[in-house]
Engineer: 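Handing you a structure now.
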Amino acid sequence: MTISHPLGRTLTASAVAALLALTAACSSKAKDDDGDQQSAGGVKTGQGISGKTINLGVLTDMTGVYATLGKSVTQAQQLYVKQTNAAGGICGYQLKLTVRDHGYDPQKAVAGYTELEPEVLGFTQFIGSPFVAAVEKRIAQDKALVLPQAWSANLLGNPYVRVIGSTYDYETINAVDFLMKEKGLKKGDKLGHVYFEGDYGENALKGSKFIADKAGLTVVEQKIKPTDNDMTAQVAALKKAGVKGIVISAGPRQAASLVGVAAAAKLNVPIIGNNSAYSPQLLATQAGPALMKNYWVASPSLPIGGDTPEAKKLVADYRKAYPKDSLDNGVVAGWTAASLYGEALKKACDSKDLTREGVDKALLTLDSFDNGFGVDQNFSDPKAPSSQQSVILQPDKTAVGGTKVVREATEAAEAKSYAESAS
């Protein structure tokens with residue numbers, strides 16, 4: 001699954017940033033007077049709260065390349081809101097989600113942010129790290145907390161944009177660590193890395209190069225465009241180079257092609273993808289058998305089929321609410337972000353400050369957040385990912401959500417040294 005990088009067109013920072021010129025005027029209102037007021041209960045409120053309703057924004061992809069994933073994330077968040085409101089809401093307020101589908105189009109994404117920002121307290125969802133990056137300066141000015149479904153390290157540092165889980169560089173370090181400890185990759189070997197040009201792929205490549213340098217591996221790079229769907233040429237190049245393992249930092253479509261073509265070419269080496277490079281729908285394609293045999297996925301959390309009470313309850317509740325829809329890890333991502341936002345709102349209420357700044361300050365106090373999906377998250381430092389651990393999954397059509405856990409949450413030793421080098 002990918003929800004943080006372009007597919008269908010290439011987005012450079014300058015290209016996306018150019019869109020801001022069209023919308024900057026819409027965001028030029030002064031931020032020093034945003035109508036803060038006291039509620040009857042003595043709780044300070046501001047933008048995004050009207051009457052007894054807290055309005056939250058959702059910028060998603062319901063019709064573009066990640067439509068399946070966007071649907072799962074959004075429905076999980078709608079389920080959280082429905083259950084929370086039925087239980088009395090938060091701080092006496094009912095939650096409301098306003099959803100805008102940008103179809104993974106940069107102009108629609110920026111326009112959607114411009115439209116919703118004045119009306120909402122913050123955003124429980126923003127799919128597409130290039131789009132988040134395009135409005136990141138505005139987010140810092142607007143102070144509307146954004147929890148993106150994206151894992152690029154380039155989103156770190158803004159106190160109002162908080163990445164949930166390990167970023168792609170850490171995730172890739174943990175993925176290669178798995179190949180070395182569990183799948184026979186060793187010092188002196190060549191490691192193939194197929195990656196999207198741009199933010200997502202290059203952040204993941206940074207991780208593979210770091211651990212390769214530490215572990216005595218040689219990285220064989222294969223940069224691809226988001227529109228490249230046939231990995232025949234890449235497999236041929238990697239086979240010729242004699243790689244003993246492959247990382248793919250791309251989308252589900254590219255992963256399915258890579259694994260399927262490698263099997264046909266008898267390139268029998270382990271392949272592992274970032275969390276964005278898998279969807280359980282792939283198991284119904286011709287690549288399904290090869291994926292179950294020779295493909296693994298690094299994930300920031302346990303999958304939807306995780307063996308915890310919270311995961312099992314979410315499966316039951318989601319199936320009841322959406323009986324015709326399949327389960328995937330987008331449900332986990334959406335539920336986690338919504339419940340994290342809810343926890344920040346509760347903490348802000350306790351502090352009598354439900355303004356945008358108050359909610360963000362409340363999030364900073366959450367240094368041990370775990371909603372039952374196996375990874376403890378620390379949000380006290382906006383400059384660091386909330387976790388440096390990854391769970392390793394394997395595709396399995398018999399498992400709930402299409403994956404099973406083959407290694408619990410782990411942080412490679414190289415990830416620790418990487419963190420130290422970055423600090």
Engineer: What distance separates Ser386 OG from Asp367 CG, expressed to the nearest 0.5 Å?
Structural biologist: 12.0 Å
Engineer: Are Phe131 and Tyr113 an aromatic pair, judged by ring center distance below 6.0 Å?
Structural biologist: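 Between Tyr113 and Phe131, the centre distance exceeds or equals 6.0 Å.
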Engineer: So, for Ile173 and Ala415, which heavy atoms are closest and what is the spacing to 0.1 Å?
Structural biologist: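 Of all heavy-atom pairs spanning Ile173 and Ala415, the closest is CG2-N, 3.6 Å.
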Engineer: If we only count heavy atoms from C-beta on, is the Gln254 to Ile224 side-chain gap below 4.5 Å?
Structural biologist: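 They are in side-chain contact.
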Engineer: For Thr74 and Lys71, indicate whether the former's side chain and the latter's backbone hold a donor-acceptor pair under 3.5 Å.
Structural biologist: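 Looks like no, no N/O pair under 3.5 Å.
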Engineer: Hey, are Tyr195 and Glu202 close enough side-chain-wise for a donor-acceptor pair under 3.5 Å?
Structural biologist: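 Per modelled atom types, Glu202 and Tyr195 side chains form no pair under 3.5 Å.
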Engineer: With heavy-atom distances below 4.5 Å as the criterion, would you say the side chains of Val297 and Asn329 are in contact?
Structural biologist: no
Engineer: Looking only at heavy atoms, which two atoms of Phe123 and Leu59 are closest? And how far apart?
Structural biologist: CE2-CD1, 3.7 Å
Engineer: For the CD atom of Gln47 and the NZ atom of Lys143, what is their distance to the nearest 0.5 Å?
Structural biologist: 11.0 Å
Engineer: Does the side chain of Val332 come within less than 4.5 Å of Pro303's, by heavy atoms?
Structural biologist: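 Side-chain contact under 4.5 Å: no.
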Engineer: Checking side-chain contact (heavy atoms from CB on, under 4.5 Å) for the pair Ile248/Tyr295: CA distance, chi angles, key distance, verdict?
Structural biologist: CA-CA 10 Å; Ile248 179 163; Tyr295 188 55; 3.7 Å; yes
Engineer: Once rounded to the nearest 0.5 Å, what's the spacing between atom CZ of Phe373 and atom CD1 of Ile164?
Structural biologist: 12.5 Å
Engineer: With Arg162, which of Leu340, Val146, Asp360 fulfils side chain to side chain contact (heavy atoms under 4.5 Å, CB included)?
Structural biologist: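 When Leu340, Val146, Asp360 are each tested with Arg162, the side chain to side chain contact (heavy atoms under 4.5 Å, CB included) holds only for Asp360.
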Engineer: Quick one: does any side-chain atom of Tyr160 pair with a main-chain N or O of Gly122 as donor and acceptor, under 3.5 Å?
Structural biologist: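 Here the side-chain-to-backbone pair does not exist.
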Engineer: Compare every heavy atom of Pro159 with every heavy atom of Pro382, then report the nearest pair and how far apart it is.
Structural biologist: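 Minimum heavy-atom contact is CB-CA, 3.8 Å.
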Engineer: State, yes or no, whether a side-chain contact exists between Val120 and Leu56 at a heavy-atom distance under 4.5 Å.
Structural biologist: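 They are not in contact (no side-chain heavy atoms under 4.5 Å apart), so the answer is no.
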Engineer: Measure the CG-CG distance between Asp350 and Leu345 for me, rounded to the nearest 0.5 Å.
Structural biologist: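 If I round to the nearest 0.5 Å, the distance is 11.0 Å.
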Engineer: Does the side chain of Pro395 come within less than 4.5 Å of Lys293's, by heavy atoms?
Structural biologist: no
Engineer: Tell me whether Glu117 is salt-bridged to Arg356, with the criterion being a basic N under 4.0 Å from an acidic carboxylate O.
Structural biologist: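 Yes, this pair counts.
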Engineer: Side chains of Leu217 and Met180, heavy atoms from C-beta outward: is any pair under 4.5 Å?
Structural biologist: yes
Engineer: Between Gln377 and Asp370, is any side-chain donor less than 3.5 angstrom from a side-chain acceptor?
Structural biologist: no
Engineer: Look only at the side chain of Asn203 and the backbone of Thr167, and say whether a donor-acceptor pair between them is shorter than 3.5 Å.
Structural biologist: no
Engineer: Between Glu182 and Arg407, does any side-chain N to carboxylate O distance fall below 4.0 Å?
Structural biologist: no
Engineer: For Asp228, is there an ion pair with Lys225 - N to carboxylate O distance below 4.0 angstrom?
Structural biologist: no
Engineer: Does Arg253 offer a backbone N or O that forms a donor-acceptor pair with the side chain of Ser257 under 3.5 Å?
Structural biologist: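 A pair under 3.5 Å: no.
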Engineer: Can you see which heavy atom on Phe126 is nearest to which on Val135, and at what distance?
Structural biologist: CE1-CG2, 3.9 Å
Engineer: Mark yes or no for whether Asn174, through its side chain, and Ala412, through its backbone, hold a donor-acceptor pair below 3.5 Å.
Structural biologist: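 Pair found, side chain donor or acceptor close to backbone of Ala412.
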Engineer: Could you give the distance from OG1 (Thr63) to CG (Asp61), rounded to the nearest 0.5 Å?
Structural biologist: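 Atom-to-atom, Thr63:OG1 and Asp61:CG are 6.0 Å apart.
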Engineer: Treating Asp101 as the side-chain partner and Met62 as the backbone partner, does any N or O pair qualify as donor plus acceptor under 3.5 Å?
Structural biologist: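 Pair found, side chain donor or acceptor close to backbone of Met62.
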Engineer: Taking Lys361 first and then Asp353, would you say they form a salt bridge - that is, a charged N and a carboxylate O separated by under 4.0 Å?
Structural biologist: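 A salt bridge is absent here (no side-chain N lies under 4.0 Å from a carboxylate O).
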Engineer: Test side-chain contact (heavy atoms from CB on, under 4.5 Å) on Tyr418 and Glu411 and set out the steps.
Structural biologist: CA-CA 11 Å; Tyr418 180 75; Glu411 178 187 0; over 6 Å; no
Engineer: Do Tyr200 and Ser249 come within less than 4.5 Å of each other through their side chains, counting heavy atoms only?
Structural biologist: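 Touching, per the 4.5 Å side-chain cut-off.
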Engineer: Looking only at side-chain N and O atoms, does Glu171 offer a donor or acceptor that is under 3.5 Å from a partner on Asn274?
Structural biologist: yes
Engineer: Pick out which of Thr60, Thr336, Thr124 makes a side chain to side chain donor-acceptor pair (under 3.5 Å) with Gln77.
Structural biologist: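 Of Thr60, Thr336, Thr124, side chain to side chain donor-acceptor pair (under 3.5 Å) with Gln77 is met by Thr124 alone.
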Engineer: Going through the checks in order, is the side-chain contact (heavy atoms from CB on, under 4.5 Å) test met by Glu310 and Lys313?
Structural biologist: CA-CA 5 Å; Glu310 293 86 352; Lys313 183 179 186 303; 5.8 Å; no
Engineer: Testing the basics here: between Asp376 and Ser368, what is the closest heavy-atom pair and its distance to 0.1 Å?
Structural biologist: OD1-OG, 2.9 Å
Engineer: Can you tell me if Asn55 uses its side chain to pair, donor with acceptor, with the backbone of Gly48 under 3.5 Å?
Structural biologist: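 Side chain of Asn55 to backbone of Gly48: a pair is present.
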Engineer: Around atom CG of Asp307, are there more than 12 heavy atoms from other residues, nucleotides or ligands closer than 6.0 Å?
Structural biologist: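 Check fails, neighbour count at 12 or below.
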Engineer: Mind running side-chain contact (heavy atoms from CB on, under 4.5 Å) on Gln281 and Asp328 for me, showing each step along the way?
Structural biologist: CA-CA 9 Å; Gln281 286 78 13; Asp328 58 35; 4.1 Å; yes
Engineer: Any non-hydrogen side-chain atom of Val132 less than 4.5 Å from a side-chain atom of Ile139?
Structural biologist: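 Answer yes - side chains close enough.
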Engineer: Is the backbone of Ala265 close enough, under 3.5 Å, to the side chain of Lys239 for a donor and an acceptor to pair up by distance?
Structural biologist: yes
Engineer: Spell out, as yes or no, whether a donor-acceptor pair under 3.5 Å connects the side chain of Ser166 to the backbone of Gln389.
Structural biologist: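 Yes; judged by distance alone, with no hydrogens or angles, the pair exists.
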Engineer: What class does the angle between the rings of Tyr104 and His102 fall in, given that below 30° is parallel, 30 to 60° is tilted and above 60° is perpendicular?
Structural biologist: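 Taking His102 first and then Tyr104, their aromatic rings stand perpendicular (interplane angle over 60°).
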Engineer: Give me the ring orientation class for Tyr168 and Trp151: parallel if the planes are under 30° apart, tilted from 30 to 60°, perpendicular past 60°.
Structural biologist: perpendicular
Engineer: Distance from Ile54 atom CD1 to Leu95 atom CG, nearest 0.5 Å?
Structural biologist: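 Nearest 0.5 Å value for the CD1-CG distance: 5.5 Å.
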Engineer: Using the ring-ring contact (aromatic ring centres under 6.0 Å, His included) rule, collect all pairs that involve residues 235-258, keeping only residues at least two apart or in two chains.
Structural biologist: none
Engineer: Measure from the side-chain N and O atoms of Thr398 to the backbone N and O of Asp396, and report whether any donor-acceptor pair falls under 3.5 Å.
Structural biologist: no
Engineer: Which pair of non-hydrogen atoms, one from Ile304 and one from Val400, has the smallest distance, and what is that distance?
Structural biologist: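 Looking at all heavy atoms of both residues, the shortest contact is CG2-O, 4.1 Å.
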